[in-house]
Amino acid sequence: ALSDHVDVETAKVLKTEVSDGIVAPSYAPEALEILSAKKGGNFIVLQADPNYSAPENEYREVFGMGFMQKRNDIILTETLAK
């Protein structure tokens with residue numbers, strides 16, 4: 001899943017990655033063409049609600065056990081990447 005618009009450059013990178021699908025808030029028309037052709041046309045391309053606000057905590061249940069953690073909401077900057 002991506003939290004930002006998918007442009008052509010991003011679609012070209014994703015075209016080579018092993019994946020069954022993608023979710024993003026929006027796609028450039030040419031990016032959508034590139035991704036829709038992936039996996040012989042069977043690549044799943046979904047559009048997320050751009051106004052969706054994720055909850056602070058994420059919850060998963062695996063084999064009857066529940067796991068909860070704070071969502072990773074860090075905004076990457078050049079300073080953090082160093």
Side-chain angles (χ1 to χ4, degrees):
L2 298 173
S3 59
D4 204 354
H5 176 78
V6 177
D7 57 17
V8 173
E9 292 78 20
T10 304
K12 287 179 180 178
V13 170
L14 294 172
K15 181 180 177 181
T16 63
E17 297 297 316
V18 176
S19 176
D20 290 325
I22 183 172
V23 179
S26 61
Y27 301 87
E30 189 178 341
L32 194 54
E33 282 183 34
I34 292 167
L35 295 171
S36 295
K38 189 173 172 168
K39 290 183 67 175
N42 291 319
F43 189 69
I44 300 167
V45 180
L46 300 174
Q47 183 172 354
D49 179 354
N51 298 316
Y52 175 75
S53 179
E56 185 175 335
N57 292 310
E58 296 177 331
Y59 179 81
R60 303 282 190 273
E61 186 173 320
V62 180
F63 297 109
M65 296 187 318
F67 299 91
M68 186 170 51
Q69 68 182 20
K70 183 180 180 303
R71 182 175 56 91
N72 182 354
D73 57 1
I74 295 174
I75 298 173
L76 293 178
T77 62
E78 285 190 41
T79 304
L80 286 175
K82 291 181 182 181

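Hydrogens, waters and symmetry mates play no part in the numbers below; they use all other heavy atoms, side chains included. This is a predicted model, so every value here is computed, not measured.
Looking only at distances, no side-chain donor or acceptor of Thr10 sits under 3.5 Å from a matching main-chain atom of Val6. Checking side-chain atoms of Lys38 against main-chain N and O of Glu17 turns up a donor-acceptor pair under 3.5 Å.
Applying the side chain to side chain contact (heavy atoms under 4.5 Å, CB included) test to Asp73 and every residue at least two apart in sequence or in another chain returns Lys70, Arg71.
Residues His5 and Ser26 come closest through the heavy atom pair ND1-OG, 2.7 Å. Nearest heavy atoms, Phe43 versus Ile22: CE2-CG2, 3.6 Å.
Hydrophobic cluster membership for Val23: Ile44, Leu46 (Ile, Leu, Val, Met, Phe, Trp, Tyr linked by side-chain heavy atoms under 4.5 Å, directly or transitively).
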Candidate pair Ile74 and Asn72, rule side-chain contact (heavy atoms from CB on, under 4.5 Å), full reasoning = CA-CA 6 Å; Ile74 295 174; Asn72 182 354; 3.7 Å; yes
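Surrounding NZ of Lys15 are at most 12 heavy atoms belonging to other residues, nucleotides or ligands under 6.0 Å away. The number of heavy-atom neighbours closer than 6.0 Å to CD of Glu61, taken from other residues, nucleotides and ligands shown, is above 12.
Glu9 contributes atom CD, which lies 9.0 Å from atom CD of Glu30 (distance to the nearest 0.5 angstrom). Atom CG of Leu14 sits about 6.0 Å away from atom CG of Leu35, to the nearest 0.5 Å.
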